[in-house]
Structure formats: structure tokens, C-alpha cells
Amino acid sequence: MAFSLRPAPWIAGYQPASLPRDAVAGVTLAAYAIPVSLAYATLAGLPPQHGVYCYLVGGLAYALFGTSRQLAIGPTSAISMLVGASIAGMATDAAGQAVAIAALVALQAAVVCFAAWALRLSSLVNFISETVLTGFKAGAALTIAMTQLPKLFGVAGGGEGFFERASTLVAQLPQTNATVLGFGLAAIALLVAGERFLPSRPVALAVVAASIVLLTFTPLASSGFRTVGILPEGLPALAWPSRSADVFEGVETLAVACFLLAYMEGVSAARAIARRHGDAIDPRRELLALGAANLAASAFQGYPVAGGLSQSSVNDKAGARSPLALVFASIAIALCLAFLTGLLKNLPDVVLAAIVLVAVKGLFDVRALRTILALDRTEFAIAMFALIGVLFLGILKGGLLAAIVSMLMLVRAAAHPHVARLGRVPGTRRYSDADRHPDNETLPGALAVRTEASILYFNADHVRERVLDLLSGSDGVRALVLDLSSSPHVDIAGARMIADLARDLAARGITTRIVDARASVRERLRLVAGWNLGEIDRRLSLDDVVSAGGDAPVSTPRE
């Protein structure tokens, strides 16, 4: 996709016939976003209206630079929990200071986005293993759910961390408010039914409206319900976060964590929806759009935002054809903030908890975990490690731990590449892994091996040891044939290892031949290994050497 800094490139090709669908989708998205953002803001430890501010301005900024036609931008459950758990220990003034710190985190997350865009780091998301991410999301879902369960049971809750909160909740269960619990379970049932039978309808808004009516006009209000209270009327003022909040330790780390989580969530959601429509997105420009959205959220008293799959699916199923739907959503939200905030004062906290609980159930993907378990028990153990890490360490430290585990998995895989012992496919002149295909024919007088990765300084010793192990298990070998067709790069250390191996084997009467190496690899081996490897010819194939019994002409090795 050609890259341009021109804002809103989708406008040039916009079809007027799409306008009614975008308008309907925008209003539908707003109806979904208002109750959800109120719930997520409380999860972030902020006054409820600040979640709505995120949707109000985040979508407008994304519409200027984003490349997805249906991605919806706003607060997400995982980021809200991450922010809430992290700033709780930073802010001494529970309201004003928390808002300032959260806005500063959004600002710094925007700076990280812009830096990643400038440095072309859009491939960063590919370094986080899907296995680890699945475990992290499951742990985040359990952690978030544990913060909301006290509201569902109508008890005070308390404690730090998953296990302390769980212990406190169990101790308070005898104090359960049965009316609040029944109300919350009914709300959950309606929300789940709405997801299943009315997926493109603002069911959450209907549940919110019904709960307000019930608490306003029935005696339920005297049954121990806690409510949102009166929200400030009007649009948020432009107010950049004070740099004085930067003195709090951990703000920068939190901003980087929010950036990573937001980019992974946003790009994953954008790609999933783009595939449905045969579209394409530009991952690099998504960094710019995410930075703009977070910059806008910071400027208008919000906190870090991302593109979430749930809100984007609502936007998509409601008929969105372009980012103009986000503009209509912002207009609808602005009208509600200007004229309708007074209607929310009797909204019960238990309904917001129900909304969060239903939203986060999608993070705990049981089907994905079962698939991982069926395919690879080791990867399943890694997913469980990420899950348990989040439960014990919290979302921020657990998320960072999950990212480190992903990196370690990459390093381990690169440091221990598979070195295959090759055999001839019966009846052909082709060769494949003999351990995977026991019916392959053995190669008389020769051992052919293929390293299925580049040979670099950190894996050269592993390759050497593996080759020697294979030689020790083979009898009558006169020639070692190194098939480098799957090794696109061999660095200096790798070339020296091959040269030393060839010299040592020559002393044992075993010649070493190189076949199917790429031009750059052949050139490096000639420069580094010299005569130890004899002639390295691009026309020489594995079958040529094997057919000759490894006795093709080889120059005298040098010490």
C-alpha cells in the first residue's frame, strides 16, 4: 500500500451512497460506546465520564490517519485494567491526580507510537507470540473479572492482586446483597442474549436505560444499590496533562506497556475485519493513527485508547463503510454529553460491572487454549505461564513478562535450529528428513544434513554439535554433505565453524562438501573457509555428490 501523510485519504474515493449506512453505524456505535466506556473508566479508576471522552475524540483522530474502514477506537478492558492497577499506587488524590496521570500516560503512549512510526517498527507486533498473547489475555480476563465480582455481589471487596481480592470476596460472601446480585445476573443474561441474538444492536444501551428506569421509578433504589451519580454536563475542555505528573515512578513503563497492548489489539482487530471484506491495512500508518488517537485522548482528559475487536465488530455489523462512521459516533456522543448526562445519575454500578464481565469473557478464549494444548503441550505450558504470571504479578508486570517470554522463545528457536539428517525419497532424486520419513533410503558412504535456519554466531556451536552427533551414529561415512538451501545467511562465526569442522573431519578421512548455498553464502565461505571446503559450485547438487559417493574432486585442505 502506498504511504502518504495526507489526512483522511479515504475521502477522495468516498461514495455518497455509503453515507446513510455510515450514519446508522455511527449512532449504533455511540449507543454501544457510552455504557461500555462508562464501565471501563471505573475499571481504570477514573470518573466515568473520562471513558466517554476517549471515544469522543479518539475516533475523530483515527479517522484522519487510519487505514481500516471499520476499526473503532476507544478504551478497552485490558488497557483500562492496566491503567487502573498501575496508577492506583501513584495518585494520592483519587480524582484529579489520577486523571492527570492517566492523561500523561496517553500522551507518552502517543510519543512512543510516533517514534515507532518514524523508526518503522510496525513489525514489532509480530514478535509477540500468539501463544503467549492467548495466555496473557486469559489472565487479564480473570484479573478484570475479580475486580468486578464484588460489585456483582453487592459487597465492598478490597485487596491488591488477584488472589488477595479473591480471598477478600470469599470472606464477604455472607454479606451478599441478594437484590443487587439478582439484578446483576439479569443484566448479564440480557447482555449475553443480546450478543447472541442481536449482535448488531445496542443491547447494552437498552439494559442501561432499563436499569435507570427501574431505579428511578421503583423502590429498588432503597435496596442498597450504588449508582454512578451526577456526571458533568458538557464537552471536555482542552487541557494538556501537567508534566509535574511525570515525577511518578512507572509512568514511562506504563506508557510503553499501553502502546504494546494497544498496537497488538488494534492491528489484530483491523486485520481480522479487513480479511472479511478483502481489504488491506497499512501497519505502519496504523502506528501514526494510534498515536494521533492517544494524543487527542490526552488533550481532552482521556486515557490510552486502542482499536478493540468488540466495538469494531459492532461498527462493522451496523454497516460502517468508512471512518466517517467514527465521525458520526463522535457527534452522537457529543450531543449526549451536552444534553443527556443527567439521565445517568441513577445508573447502578452493578450494571457497569455486568457490562465489563460480559465484555472480558471474550478475552478468555477456551477454544484457542484447547487448540494449543492439542497441537503442542510445550506451547500450552508457555500460555499457562503467561496466564499465571498475570495473576501473580498483575497485568503490567505480567504483560511485560509475557513479552519477555515471547522474545526468549524466539531466541531459543533461533539458537537451536533443527538439523535434519537427509535420506533419498524412494524412486526419486529428491531428499528429505530421514527421521520424519523412516522409509527414505540411506546414503551409502555419505551423511547429508540440512540446517533449517541461518547459521549465526549464537547457533553455530549447536549446529556443529548436532552434525557431530549424527556422524557418531553413522558408520562408514566418507563424506559429509552440508545442504545450505534452508540457510539464507551464514555470518563470519558460522563460516569459521564450517571451516573448522571441515578441517577436523579431513583429519579423520572425511571430506566436506557444500551444496545448494546461496550466492552470498558461497562468497562468504570462500573468503573465510578457503581451501578447507574445496570447490563450492552453484551447479553442484546434493544428488550429484551422493551419486558420486562423496568422491567428487576436492582440493587439498589446509591447516
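Quantities reported herein were computed from a predicted structural model and do not represent experimental measurements.
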Check the surroundings of atom [atom1] in [X]: do more than 12 heavy atoms from other residues, nucleotides or ligands lie under 6.0 Å from it?
X: Arg412; atom1: CZ; answer: no
X: Glu452; atom1: CD; answer: yes
X: Phe385; atom1: CZ; answer: no
X: Arg370; atom1: CZ; answer: no

Going by atom types only, do [X] and [Y] share a side-chain donor-acceptor pair under 3.5 Å?
X: Glu379; Y: Thr131; answer: yes
X: Glu286; Y: Ser122; answer: no
X: Thr76; Y: Glu265; answer: yes

Candidate pair Gln311 and Leu29, rule side chain to side chain contact (heavy atoms under 4.5 Å, CB included), full reasoning: CA-CA 7 Å; Gln311 61 256 39; Leu29 177 61; 4.2 Å; yes

Can you list every pair that meets salt bridge (charged side-chain N to carboxylate O under 4.0 Å, His left out) and has a residue in [range], with sequence neighbours left out?
range: residues 177-194; answer: none
range: residues 51-71; answer: Arg69-Asp279
range: residues 29-39; answer: none
range: residues 37-57; answer: none

Pairwise side-chain contact, Thr143 with Met81, heavy-atom cut-off 4.5 Å (strictly under): yes

Heavy-atom side-chain contact between Leu391 and Leu387 under 4.5 Å: yes

List for me each residue that meets ring pair (Phe, Tyr, Trp, His ring centres under 6.0 Å) alongside [X], sequence neighbours excluded, and say none if there are none.
X: His437; answer: none
X: Phe162; answer: none
X: Phe163; answer: Phe392
X: Phe225; answer: Phe183

Might you point out which heavy atoms bring [X] and [Y] nearest each other, and give the distance in Å?
X: Gly224; Y: Val180; value: O-CG2, 4.0 Å
X: Phe259; Y: Leu287; value: CE1-CD2, 3.6 Å
X: Ile34; Y: Cys336; value: CD1-SG, 3.7 Å
X: Asp349; Y: Thr227; value: OD1-C, 3.7 Å
X: Asn294; Y: Ala106; value: CB-O, 3.6 Å
X: Leu326; Y: Gly59; value: CD1-O, 3.6 Å

Side chain to side chain contact (heavy atoms under 4.5 Å, CB included) evaluation trace for Cys258 with Val83: CA-CA 8 Å; Cys258 287; Val83 170; 4.0 Å; yes

Ignoring hydrogens and angles, tell me if any N or O in the side chain of [X] forms a donor-acceptor pair with the backbone of [Y] under 3.5 Å.
X: Asn459; Y: Ala414; value: yes
X: Asn346; Y: Ile212; value: no
X: Ser487; Y: Thr451; value: yes
X: Asn315; Y: Gln70; value: yes
X: His489; Y: Leu456; value: no

Step-by-step side chain to side chain contact (heavy atoms under 4.5 Å, CB included) determination, His418 to Ser486: CA-CA 11 Å; His418 180 56; Ser486 297; over 6 Å; no

Tyr303 and Ser80: CA distance, side-chain angles, deciding distance, side chain to side chain donor-acceptor pair (under 3.5 Å) verdict: CA-CA 8 Å; Tyr303 63 96; Ser80 298; 2.9 Å; yes

Could you pull out every donor-acceptor pair under 3.5 Å between side chains of residues 39-58 and any protein atom, sequence neighbours left out?
unit_1, atom_1, unit_2, atom_2, d
Thr42, OG1, Ala39, O, 2.5
His50, ND1, Gln301, O, 2.7

Non-neighbouring partners of Asp435 that pass salt bridge (Lys or Arg N to Asp or Glu O under 4.0 Å), sequence neighbours left out: Arg421, Arg466

Return a table of donor-acceptor pairs under 3.5 angstrom between the side chains of residues 165-173 and protein atoms on other chains or two or more places apart.
unit_1, atom_1, unit_2, atom_2, d
Thr168, OG1, Glu164, O, 2.9
Gln172, OE1, Gly157, N, 2.6
Gln172, NE2, Gly157, O, 3.3

Side-chain atoms of residues 352-368: list all donor-acceptor pairs with protein atoms under 3.5 Å, sequence neighbours left out, distances to 0.1 Å.
unit_1, atom_1, unit_2, atom_2, d
Lys361, NZ, Glu195, OE1, 2.9
Asp365, OD1, Arg367, N, 3.3
Asp365, OD1, Ala368, N, 3.0

